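Written below as structure tokens is the structure these notes are about.
Because the structure is a prediction, the values reported are computed rather than measured. Below, chain A is the first sequence line, B the second, and so on; all start at residue 1.
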Amino acid sequence: MPVLNGKELRIVGFLCNWCSYGGADTAGVARAGQPTDLRIIRVPCSGRIDPLFIVKALLNGADGVLVSGCHPRDCHYSAGNYYARRRLEVLKQFLPVLGIDDRRFEYTWVSASEGQRWQHVVTTFTDRIHKLGPAPRLEDAEPLLKIADMALTSLRPLGTGQNAALDDLKAAIKAKLPELDCVIGWQQGYDAAHTVPLFMRTPEDVDKLVWGPFNVNNPATYLPSFKGKKVGIVVKGCDSRSVVELLQENLIKREDVTIFAMPCQGTLDMARVNQELGRYSAIDSVSYDEAGVTIVADGKEHRFCMNDYAQGKCYGCTTPSAVLADTRLGTPEAVQPGAYTPPELAMLDAMTLEERLSFWKGQMERCLRCYACRNACPMCVCRDYCIAESREPQWMTQEATAKEKLFFQTIHAMHLAGRCTGCGECQRACPVGIPILALRQQIARAVAQLFDGYKPGLDPEAVPPLLGYELEEKNIHEREWK
Amino acid sequence: MRIGVFICHCGSNIAGTVDCAKVAELARAFPDVAYATDLMYSCAEPGQAAIEAAIHEHKLDGVVVASCTPRMHEPTFRRTVERAGLNRYMFEMANIREHVSWIGKDKEANTNKAAELVQIAVEKLRRDKPLSAKSFDINKRVLIIGGGVAGIQAALDCADGGVPVVLVEREATIGGKMAKLDKTFPTVDCSACILGPKMVDVAQHPNITLYAYSEVEDISGYVGNFTVKIRKRPTYVDWSKCTGCGACTEKCPSKKTPDAFNEFTGPTTAINIAFPQAIPKKAVINPEHCRQLVKGKCGVCAKVCPTGAINYEMQEEIVTEEVGCIVAATGYDLMDWTVYEEYGGGKYPDVITSLQYERLLSASGPTEGHILRPSDGKEPRNVVFIQCVGSRDRSIGRPYCSGFCCMYTAKQAVLTKDHIPDSQSYVFYMDVRAPGKMYDEFTRRAIEEYGTEYIRGRVSKIYPDGNGHLVVRGADTLMGEQVEILADLVVLAVGVEASKGSPQLAEKLRISYDSYGFFMESHVKLKPVETNTAGVFLAGVCQGVKDIPASVAQGSAAAAKVLALFARDKLENDPQIAAVDVKRCVACGKCIRCCPFGAIKEVEFRGEVKAQVIETVCQGCGVCTSTCPQGAIQLAHATDNQILAEVNALCQC
Amino acid sequence: MNNAIDISRMRDPSFTAEVEAQSGQKVSTCYQCGNCTAGCPASFVYDRQVNQIMRGVQLGLKDQVLNSRSLWMCLSCSTCSLRCPNDIDVAAVMETLRHMARKEGRVTVPKVEKFWFSFLDTVRRFGRTYEIGTMALYMLRSMRVFTDVDLAPTALAKQKLGFKPHVTPNGGAEAVGRILKRYEERAKREGVRP
Amino acid sequence: MNFAYYPGCSAAGSSADYEMSTRAVCRALKIGLQEIPDWNCCGSTPAHAVDTELSAALCVRNLDLAARMDAATVVTPCPSCLSNLKHAGKRMENPDFRARVNELLDNPAAETLPEVTSVMQGIASCRSAADIAANVCKPLKGLKIAAYYGCLMSRPAGLMQFGDPENPTLMESLLAACGAEMVDFPLKTECCGASFGIPERPMTAINSGRILEVASNMGVDAIAVACPLCQMNLDLRQKQASKAVNVFFNMPVLYYTQLMGLAFGFDPRELGLHKLCVSADPLLQKLDGLRREEALAEAKAKAAEGGNA
């Protein structure tokens with residue numbers, strides 16, 4: 001039904017059955033007058049509220065969303081609101097990157113006896129939404145296409161890794177191979193300037209292994225499909241974090257995985273490399289030096305300096321060496337962690353909310369809905385049961401609108417909250433080059449800020465922050481209702 | 001689906017500001033709505049009859065009632081539709097009274113809002129499925145945690161009702177705080193004399209298994225079938241051999257062991273029986289002060305023990321018990337009053353707690369019932385009692401009233417006069433709270449017959465004058481003056497807090513607790529004994545401050561709850577719980593990690609690991625549903641699709 | 001004749017609100033335990049005890065509160081604030097009340113204010129205080145010539161009291177003079193007692 | 001270690017001895033005190049009793065001067081000055097208040113004003129008990145002393161940051177490092193009657209009398225203080241206090257810096273001990289006697305040892 005024009009805005013409330021729904025009842029019993037805009041959806045517990053319900057509402061035309069649960073410690077289910085608090089706070093910090101004003105979403109705690117407080121909360125929130133006015137719609141946004149500035153300085157010197165101990169690595173793999181069903185690595189692809197995954201089962205396979213800046217794929221993506229098998233994996237530092245995260249989440253077993261690691265000096269941003277190479281019929285030669293790669297294609301020489309052509313993630317990489325490994329080769333590189341904002345995120349940070357909405361409108365109109373991003377993601381373990389395509393539950397329609405496509409990206413990002421290691425496979429796999437990694441990076445930034453610098457995939461024993469809680473959250477504070 | 005919608009006028013309560021007929025008319029256009037009408041009072045007999053008739057007449061298979069809050073009449077209408085042959089869960093409510101008609105005056109807006117609330121109820125109902133409860137067996141044994149007077153009462157009542165009881169007590173003897181008291185108000189009965197027989201009953205009752213000096217280590221399971229691990233701390237005395245003769249305590253050379261039972265008012269021996277009426281009357285060695293255990297040489301108690309019960313090698317032991325429900329009766333502790341630096345912060349020996357004073361008054365205490373002040377062992381003349389030390393004090397985070405201090409202070413003032421006739425007692429108070437039977441009369445007696453001087457005001461400072469007295473400087477707000485008393489002894493009515501370790505126990509029991517550690521009852525007025533975890537009940541101060549009669553009453557009440565539960569042969573669960581779609585489950589275990597109730601376990605399903613909900617344990621919170629990325633675990637009646645349908649009904653641009 | 005305070009008529013909730021706003025304290029949290037009075041070093045010279053002042057503020061009895069001598073005898077030692085079980089900064093409330101009383105020209109204990117003015121006068125003139133100057137001005141103002149004469153011999157013998165004013169050397173005195181002048185002008189402009 | 005230094009007005013008058021001994025002790029401990037040039041009176045109690053903005057303006061002028069010295073921290077010996085300066089600094093964080101105060105000043109105050117702390121905390125912040133003990137050449141061993149802080153030093157607790165506001169122990173630790181036996185003085189933070197000695201003498205006399213009475217009942221040799229006003233009330237007004245509580249006192253009341261200075265071996269005159277109204281001579285004699293006995297005993301022991309050898 002349409003919103004009452006001129007009178008109301010669309011405000012959706014999610015209230016837990018035990019405290020806040022009761023608090024709203026108490027306000028009613030006390031005839032505590034409130035604005036009429038709010039529509040309350042009753043849920044058993046604030047912990048039941050998937051943040052995606054809120055995104056769904058906001059993308060579909062809600063002007064404001066209010067969530068209310070039991071006060072911390074008072075949860076009817078003892079801990080539901082603690083989980084909610086973390087998830088909703090992450091959501092609140094995520095919304096602006098989509099171009100949604102985070103003031104349009106608020107969560108709070110109201111007990112069943114706090115009728116007055118409820119009245120105050122509703123009145124204040126409704127007032128706030130009316131001041132903000134009707135929410136800008138993605139449908140109405142003018143597409144805006146913008147490209148991130150890739151002139152970056154890295155936290156460490158990048159290179160081509162040509163001094164890496166590849167022969168030692170091959171020997172180590174061969175020695176282990178009899179105990180393993182398979183070892184995952186890289187081999188040359190259709191030409192010397194591209195690689196594809198290599199699944200080594202025989203010593204001859206091992207000889208095909210290559211190491212260098214073209215090893216862009218994250219081999220960890222294949223790990224969960226080897227469930228129950230003994231499998232080896234060759235990793236760069238970033239890949240190792242995916243392995244650790246999979247271990248953290250119980251998706252692979254430590255005893256089934258053998259990790260071979262060499263320090264990485266950076267990998268190439270193939271999108272930009274391919275763009276520079278343009279159309280060509282044959283690669284004549286690929287030669288390496290310390291600082292970069294020279295490719296001669298159809299007689300024309302192209303020079304790719306690692307400092308100019310590395311993947312965005314490499315510039316801020318603090319884990320060139322694997323965080324977990326069974327066999328380490330080569331000399332580990334030390335990196336001083338420093339301030340680093342990924343280029344696409346920096347671009348979005350510099351935009352206004354409207355610009356961001358327009359930006360995503362433009363990008364999502366280009367999305368083919370091919371799900372390559374999902375298929376490349378090492379943490380996307382649902383695979384055939386992704387909720388993007390299911391009817392039970394049915395989160396999305398198959399309509400090819402920018403809104404549905406952005407909602408899918410949001411689902412992916414929220415499902416990766418506290419899990420995404422920033423390996424960038426989603427963006428790398430995107431055939432049309434949409435900078436979707438920025439959404440995951442914003443979530444990672446929020447998670448790090450809220451949970452004391454937590455980074456996924458560093459410690460196999462660590463509990464991912466959204467699967468845990470603290471009674472008193474150090475960095476999450478209730479906002480005052482003024 | 002054929003849905004019937006009933007819009008209730010609730011007299012003028014709803015119809016006053018909502019056009020109910022209009023709402024019914026709008027509802028007819030909603031998908032699957034086969035019938036919609038408005039009713040004067042839907043919850044009344046005729047209203048319910050009309051709903052039943054409409055179900056039959058229009059062959060409805062689902063019903064929406066738009067009326068008051070579901071927290072009021074949802075059960076009523078569920079029964080109504082069930083009488084008409086529908087599954088009780090094929091019913092939804094729209095709250096158009098508390099959330100609409102009572103809070104807004106604009107009839108147009110209210111009517112529109114009511115219609116939308118009906119619409120989302122319809123959308124939800126369209127995705128409802130009939131649910132039915134499952135039944136399961138009950139293990140008719142009860143665990144009672146805490147052997148104070150509340151726990152004792154609960155244990156005896158359950159045991160008398162034929163229920164086997166497992167009673168776990170942290171200390172070496174049951175009896176709790178009441179066992180430390182000299183007399184009880186308002187009758188000035190001897191505490192040990194009235195509690196003693198009950199303690200003996202516990203020891204002798206064939207239905208009670210007592211684990212003293214033990215703690216609950218772990219609890220798993222659910223109502224009807226809990227598994228409890230109990231940690232028995234080493235006593236270094238084989239209780240099966242110990243006769244409680246006391247020969248060891250007489251000969252023990254470590255005579256300066258702190259005496260916790262006597263609230264550290266005097267020393268005791270390293271091997272010790274708390275007090276003469278202790279149950280079990282068995283000796284325990286304090287390992288921190290026993291010469292044999294600390295230095296490896298002594299062994300006197302082993303030599304003198306006539307039954308050879310001493311065992312210096314004893315280790316702690318974990319025992320497992322299976323029970324059907326649990327009563328928590330863990331009582332209280334005094335707060336750490338030494339935060340009051342203005343009262344000396346614990347530096348002055350003659351500033352003591354009320355519980356220490358009880359031990360000085362008690363014939364079984366360190367002074368054998370003579371009031372002798374700790375500093376010099378002299379009888380005090382001027383005794384000052386200060387109320388609300390650590391109660392009603394926000395500045396130290398203790399804003400609540402400890403409830404019974406007013407009464408025991410009056411009692412202690414009376415007893416002081418009894419013990420030392422030429423003494424004078426002064427009580428600094430803010431309010432005298434004496435609402436019990438014969439309570440106010442008792443405080444009046446303390447004033448009128450025993451000459452206790454009640455001074456209305458707090459005490460700002462206590463300091464030694466350097467001549468063996470304590471200067472107590474306070475206010476008499478009734479006089480509007482600052483006053484000073486030269487006291488020989490100061491007794492602080494120290495506020496109570498939940499006993500040490502309460503939050504940890506609450507986590508094990510999966511029950512809520514407040515910021516002071518008191519356990520949360522299910523409903524503050526109407527379910528004061530239940531918790532939100534089925535099969536866990538509360539008794540005594542662990543739930544909130546209360547005095548002995550209230551603790552005993554709640555102990556009996558908890559027992560009644562246990563007996564009522566066990567009167568049934570089978571239990572039924574609430575079917576609004578989560579279920580796993582095994583196809584979608586990838587066994588990542590995120591739901592298991594997040595479930596607040598431990599209600600999800602891993603199972604083998606056709607050679608693969610999958611999550612499975614333990615139907616009797618699941619409480620229906622839905623945290624798992626919002627945790628599972630692939631949507632493989634869905635909470636019945638609050639599925640993703642249902643909530644999405646509600647969102648979509650409201651937000652569809 | 002009935003001399004009772006007609007609370008219904010005399011209550012002035014705006015006074016309570018004003019005190020709360022200026023002091024930043026919530027006086028309704030006071031439950032009249034009397035701990036402020038109990039610890040107050042000036043209690044015995046008060047006409048109304050601190051807790052009674054707080055009660056007066058709660059009730060909004062402006063005249064009873066602002067005319068009290070106690071406001072002027074408060075030592076600002078903050079013992080009341082320290083011991084308040086409800087974390088009220090009682091001393092801040094007392095100071096607020098004193099400011100309010102002064103601004104309305106209600107100076108119930110003139111000698112105290114005279115002492116303050118004597119003190120501030122020396123500051124105005126020299127940038128710093130000197131005891132003899134303050135004393136002399138105060139004796140003049142209060143007409144109490146014999147204040148502390150008993151101490152004079154000892155004090156003088158021990159050179160406790162400087163006879164010479166200590167002037168801030170580099171124009172500080174003038175700067176201070178300007179501060180006080182601006183303050184007085186502003187007070188006049190705003191219609192309050194400087 | 002260097003601090004900007006705000007002596008306070010009494011330094012030149014009634015508490016010249018505090019000033020002398022503070023400078024002596026800091027000199028010995030190699031703590032530089034750079035006096036704020038052209039500082040002015042903080043306004044003391046009268047200014048804030050009259051108006052907070054006036055009081056703040058007087059204080060802020062000094063803090064501003066210190067800021068221009070690039071001082072990070074200002075120390076002052078006087079708790080009353082300390083309290084005023086700290087309050088002013090804190091209140092200036094409020095932009096409205098800052099604007100009102102700036103109206104009264106010649107120039108708007110610096111955006112960042114320096115921290116203010118007591119000389120006592122300044123010493124403790126950069127010198128350990130061992131550093132202090134290393135300077136002691138005449139230990140106070142055998143002297144029983146009550147530390148008296150008064151009310152302003154530790155209150156309000158949040159602002160003053162002086163440990164437990166009911167039971168500060170900093171002075172005890174400094175003097176204990178000098179060898180003194182510190183009693184646990186229960187009235188250490190009670191008010192002495194402050195500046196009401198002039199307009200309302202009985203109030204000051206009774207409060208001071210109570211403090212003196214408990215201290216003398218505890219058998220102390222002296223009271224150590226850190227506040228010029230407290231010192232004046234307990235020392236200069238000791239007779240008035242005596243009369244008020246009807247007990248005779250002969251209690252030396254020394255600044256803690258004077259006691260530290262004695263331990264560091266300074267001449268009593270250098271520390272201004274001659275300015276005390278209740279003479280500290282018996283105290284000095286006792287201390288000398290104790291040290292002499294000790295030296296004799298030591299010499300004897302040495303002689304005996306030498307004989308054995």
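- Among A:Arg42, A:Gln394, A:Arg39, the residue making the largest number of heavy-atom pairs under 4.5 Å with chain B is A:Arg39.
- Across all their heavy atoms, B:Ala638 and A:Pro44 have their closest contact at CB-CD, 3.9 Å.
- At a 4.5 Å heavy-atom cutoff, A:Leu52 makes no contact with chain B through either its backbone or its side chain.
- In this structure, chain B has a heavy atom under 4.5 Å from the side chain of A:Ala112, while its backbone stays farther away.
- The stretch residues 640-651 of chain B participates, sequence neighbours left out, in these side-chain hydrogen bond (donor to acceptor under 3.5 Å, both in side chains) pairs: A:Arg48-B:Asp640, A:Trp395-B:Asp640, B:Asp128-B:Gln642, B:Gln634-B:Asp640.
- Between B:Val586 and A:Tyr385 there is no side-chain heavy-atom pair separated by less than 4.5 Å.
- A:Leu471 touches chain B through its side chain: at least one heavy atom from C-beta onward sits under 4.5 Å away, while N, CA, C and O do not.
- Only the backbone of B:Thr639 comes within contact range of chain A, judged by heavy atoms closer than 4.5 Å.
- With respect to chain A, the highest number of heavy-atom pairs below 4.5 Å among B:Ile120, B:Ile643, B:Thr625, B:Val524 belongs to B:Ile643.
- Both the backbone and the side chain of A:Gln34 come within less than 4.5 Å of a heavy atom of chain B.
- Salt bridge annotation for B:Lys113-A:Asp37: absent, with no cationic side-chain nitrogen under 4.0 angstrom from a carboxylate oxygen.
- For the residue pair B:Cys651 and A:Gly61, the shortest heavy atom distance occurs at CB-N, 4.5 Å.
- For the atom pair OH of B:Tyr513 and OG of A:Ser78, the computed distance is 9.0 Å after rounding to the nearest 0.5 Å.
- Contact annotation: the side chain of B:Glu98 never approaches that of A:Arg31 to less than 4.5 Å [non-hydrogen atoms, C-beta and beyond].
- For the side-chain hydrogen bond (donor to acceptor under 3.5 Å, both in side chains) condition, the pairs that include at least one residue of residues 588-605 of chain B, sequence neighbours left out, are A:Glu249-B:Lys590.
- At a 4.5 Å heavy-atom cutoff, the contact between A:Val381 and chain B is made by backbone and side-chain atoms alike.
- Looking at A:Tyr83, its side chain never comes within 3.5 Å of a backbone N or O of B:Val623 through a donor-acceptor pair.
- Side-chain contact check for B:Arg584 versus A:Ser390: some heavy-atom pair is nearer than 4.5 Å.
- In this structure, chain B has heavy atoms under 4.5 Å from both the backbone and the side chain of A:Ile40.
- Chain A forms the most heavy-atom pairs under 4.5 Å with one residue out of B:Gly631, B:Pro629, B:Pro596, and that residue is B:Pro629.
- Only the backbone of A:Arg391 has a heavy atom closer than 4.5 Å to any heavy atom of chain B.
- Among A:Leu58, A:Asn250, A:Ile41, the residue with the largest count of heavy-atom pairs under 4.5 Å with chain B is A:Ile41.
- B:Lys129 NZ: 12 or fewer foreign heavy atoms inside a 6.0 Å radius.
- Ranked by heavy-atom pairs shorter than 4.5 Å toward chain A, the options B:Cys624, B:Cys594, B:Gly104, B:Cys68 are led by B:Cys594.
- When B:Lys124, B:Glu74, B:Met72 are compared by the number of non-hydrogen pairs under 4.5 Å with chain A, B:Glu74 comes out ahead.
- Annotation: the span from A:Asp50 atom CG to B:Thr627 atom OG1 amounts to 8.5 Å, rounded to 0.5 Å.
- A donor-acceptor pair is defined here as one N or O able to donate and one able to accept, closer than 3.5 Å; such a pair exists between the side chain of B:Ser626 and the backbone of A:Gly47.
- In this structure, the portions of B:Lys583 lying under 4.5 Å from any heavy atom of chain A include both its backbone and its side chain.
- In this structure, the side chain of B:Arg71 does not engage the main chain of A:Asp25 through any donor-acceptor pair within 3.5 Å.
- No part of A:Glu472 comes within reach of chain B, as not one of its non-hydrogen atoms sits under 4.5 angstrom from that chain.
- Interface summary for chain B: among A:Tyr77, A:Tyr469, A:Trp18, A:Phe53, the most heavy-atom pairs under 4.5 angstrom belong to A:Tyr77.
- Within 6.0 Å of the NZ atom in B:Lys22, the count of heavy atoms belonging to other residues, nucleotides or ligands does not exceed 12.
- Taking the charged nitrogens against the carboxylate oxygens, B:Asp514 and A:Arg73 have no contact shorter than 4.0 Å, which rules out a salt bridge.
- Per-residue heavy-atom pair counts under 4.5 Å with chain A were compared for B:Ala121, B:Pro503, B:Cys595, B:Gly620, and the maximum is reached by B:Gly620.
- Only the side chain of A:His415 has a heavy atom closer than 4.5 Å to any heavy atom of chain B.
- Looking at A:Val65, neither its backbone nor its side chain comes within 4.5 Å of chain B, counting heavy atoms on both sides.
- Of the atoms belonging to A:Glu392, heavy atoms from both backbone and side chain fall under 4.5 Å from chain B.
- Here A:Ile11 contributes atom CD1 and B:Leu650 contributes atom CG; the two are 12.0 Å apart, rounded to the nearest 0.5 Å.
- With a 4.5 Å cut-off on non-hydrogen atoms, A:Asn17 touches chain B through its backbone and its side chain both.
- The local environment of CD in A:Gln116 is sparse, with at most 12 non-hydrogen atoms from other residues, nucleotides or ligands closer than 6.0 Å.
- Ring geometry, A:Tyr21 versus B:His99: the interplanar angle falls from 30° to 60°, so the pair is classed tilted.
- The contact between A:Ala32 and chain B is made entirely by backbone atoms, counting heavy-atom distances below 4.5 Å.
- When heavy atoms are compared at a cutoff of 4.5 Å, A:Val12 approaches chain B solely by way of its side chain, counted from C-beta outward.
- Looking at B:Leu644, the atoms closer than 4.5 Å to chain A (heavy atoms on both sides) sit in the backbone and in the side chain alike.
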